[in-house]
Structure formats: C-alpha cells, structure tokens
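Before I ask anything, let me first share the structure, which is written out below as structure tokens.
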Amino acid sequence: MKFYLLIPLSLMLSCTSVKNTDAQAGSQLLKDVEILSSDVYEGRKTGTKGAEMARIYIANRFKNIGLAPVPAVPGYEVPFSFKNNKGVNVNGKNLLAYIAGKSENIVVISAHYDHIGIINDQIYNGADDNASGVAALLMLAAHFKKNKPDHTLIFAAFDAEEMGLQGSKNFIANPPVPLNKIKLNINLDMVSHNDKGELYACGTFKYPQLRPFVFSNNAKIKVLLGHDDPKTGRDDWTDQSDHSAFNNKDIPFIYFGVEDHKDYHKASDEFKNINPSFFTNASNAILEIAGRLDHQLYIKSVMNEKKLMKQ
C-alpha cells in the first residue's frame, strides 16, 4: 500500500494555545518528516548514501530520546543482505531500540525508513511514504520513554520495505527476541496525507480481539477499520507492508495507513504536500490506541495468568 489542506509549517510551530508538551511533540514530528524527506537524503533507497544518512539521523534521535539498543544487538544497527529482482546482492540495515516494560512480553512498533531513491534524475523523497511513519514512531518512542509501558517495546525502523519487505522478513527470520514473546506488531506506513481526515487501522478482521481497543476519542480524526478482508483482493492490505512478516507467524498486528493518493510513489511525495494537521491528529490517535492496546493486552495477560494459577 502502499488529499491537500496545507497549513504552513511556521503556523504549526508557532501555535502555543495547546499544552507546551503537545506543541513540542508536534513540532518535532513535523521536523522529523521535513528532514528525512529533504533532497539531501536522495530518496533513502536501500544501499545508498541517502539511506545511510537516514540511519544516522534516526539513530541519533533514538539516542537523544534515551532508547537503549535491544540487548541481543550490538548498537542499534542490524545488517542483512538479500538479492534484488535482478539477482544482485543488496545490503540493508534495520535499526532497533527498546524500552523495558513491566512485562517481558513485547510489542513491536515498526515503520520502514527506506524509499525508492532517484529515478530519471528526480528525487523521490517519500515524505508520506514513509518518513511520516518514522516520525510517528519517534513520537511514540519519546512518549513511552517518559511514560513506562506495560509491555516491553521494540522500536523497529525497517530497511528495504520497498524491495519486498526485506527488513521485516529478516527480523522475523533472525529474531533478536523469542518470537513467542512478541504479542503484537503496530506498523506505521503512510500516515500523513489524507484530505478526508481518514486513517485506516488494518488487522482486526483476522484478530477481532483487538477491535474494541482500536478507536480514537479525537473528533478531528476518523479511525476506520478495514482493508483487511481477503475477499477484497487488492483492497486487502494484509500483505502490503512490514506487518505481513508478523502476520505470517500469526502474530497479531494493527497497521495504520492512508489510502493511496496522487503523490504515492511519485516525485511529488514531498513535505510540502503532506497534511500537517491531519498528520498531527493521526499521530496522536495512533499514540492513544497504542497506549490502550499496551495496557489492555497487559491486563488480559495478567488475568489469564491468575486463572492458570488457580487451576
């Protein structure tokens, strides 16, 4: 999977009528998208200098937020290799960080940082796809660093999604933690560009136990369930982003994304064409839902453990 109410960045950054913490988070959210989708990063294609620059930026943000590397990983980077559709070997790198929770059970929050690079001398900056998902991931990481989660959280910035979901496939094939400890994947891919205020949450068709928790109290955003019924063919997003690798191991997932727009996989997918107000509301809704899922699934697991102890 993976339309333009443009609010000037200066207006977004100067709005001080909301809580200072919310304003700061919103400013950083937009800053992260603007930087990662700038021409300097040359479209962040896997294996390029632009992708390496994006990794440095994301790793520095992980460090500044105070995220620790996953214990089994020396540093944030996890290198891997694969053959592209021409049979040529390509080197990629995932970035992983974590926050210890009350439980050893894990929620993986993911977003791919790669895009498609330079085509015919045009830079495909991928602001919505998927600098937006990475920025939202960083916002969630900053929140949970200050607000201890119930589950242990792994933040995964995957590489090579655009080349066949290679980063997430490698994560599942060579997991840094036992797969049976991963209780949920929350995947963010294209969450900043929609004229209707509609953010889709895909995954509750197969995992209906998650449905009661996937809603937002924010009237400025429409969180819609769908795009996950296999009978709908191409409209089924179950295998169209990195959550697919988790689903293939029957790990429940919620995938947040928007429907394709006129800038999808075009050079016009630039920062100036995202919807800043929608993106801010969508990111806050994702944070709200992620927090609810973390807490409610933890409570459910504790209750199940108590039942087993009584038997």
His227 vs Trp237 aromatic rings, parallel, tilted or perpendicular, using cut-offs 30° and 60°?
parallel
Under a 3.5 Å distance rule, please check whether Asn94 uses its side chain to pair with a backbone N or O of Gly167 as donor and acceptor.
yes
If you measure only the distance, is there a donor-acceptor pair under 3.5 Å linking the side chains of Asn125 and Asp269?
no
Considering all heavy atoms, the nearest Ile172-Lys249 contact:
CG2-CG, 3.6 Å
Donor on one side chain, acceptor on other, Asp242 and Tyr255, under 3.5 Å
no
For Asn130 and Met190, indicate whether the former's side chain and the latter's backbone hold a donor-acceptor pair under 3.5 Å.
yes
For the backbone of Val90 and the side chain of Ser81, can you confirm whether one donor and one acceptor N or O come within less than 3.5 Å of each other?
no
Could you tell me whether a side-chain N or O of Asn194 sits under 3.5 Å from a main-chain N or O of Gly197, the two making a donor and an acceptor?
yes
Report yes or no: do Asp189 and His112 form a side-chain donor-acceptor pair below 3.5 Å?
yes
Scan side-chain atoms only and decide if His193 and Asn273 contain a donor-acceptor pair under the 3.5 Å cut-off.
no
Side chains of His151 and Asp294: any donor to acceptor distance under 3.5 Å?
yes
Taking every heavy atom of Tyr57 against every heavy atom of Ile35, the minimum-distance pair comes out as OH-CD1, 3.5 Å
When every non-hydrogen atom of Thr46 is compared with those of Gly92, the smallest separation belongs to CG2-CA, 4.0 Å
So, Gln166 and Asn170: side-chain donor and acceptor under 3.5 Å apart, yes or no?
no
Please check this pair: side chain of Asn120 against backbone of Gln122, looking for a donor-acceptor N/O pair closer than 3.5 Å.
no
For the residue pair Ala156 and Val108, what are the closest heavy atoms and their distance?
CB-CG1, 4.2 Å
Would you say the ring centroid of Phe62 lies under 6.0 angstrom from that of Phe155?
no
Scan side-chain atoms only and decide if Thr238 and Asp228 contain a donor-acceptor pair under the 3.5 Å cut-off.
no
Centroid-centroid distance, Phe171 to Phe80, less than 6.0 Å:
no
Only one of Asp128, Asp129, Thr280 passes side chain to side chain donor-acceptor pair (under 3.5 Å) with Ser192, and that residue is Asp128
As a test of understanding, state which of Lys93, Arg44, Arg55 forms a salt bridge (Lys or Arg N to Asp or Glu O under 4.0 Å) with Asp159.
Arg55
Do Leu36 and Tyr113 have side-chain heavy atoms sitting under 4.5 Å apart?
no
Could you check Ile274 against Val33 for side chain to side chain contact (heavy atoms under 4.5 Å, CB included), going step by step and ending with a plain yes or no?
CA-CA 10 Å; Ile274 70 168; Val33 175; 4.2 Å; yes
Is it the case that more than 12 heavy atoms not belonging to Glu104 sit under 6.0 Å from its CD atom?
no
Of all heavy-atom pairs linking Ala201 and Phe256, the shortest is CB-CE2, 3.8 Å
Run the side chain to side chain contact (heavy atoms under 4.5 Å, CB included) check on Glu77 and Leu95 step by step: do they pass?
CA-CA 5 Å; Glu77 292 189 355; Leu95 295 173; 3.4 Å; yes
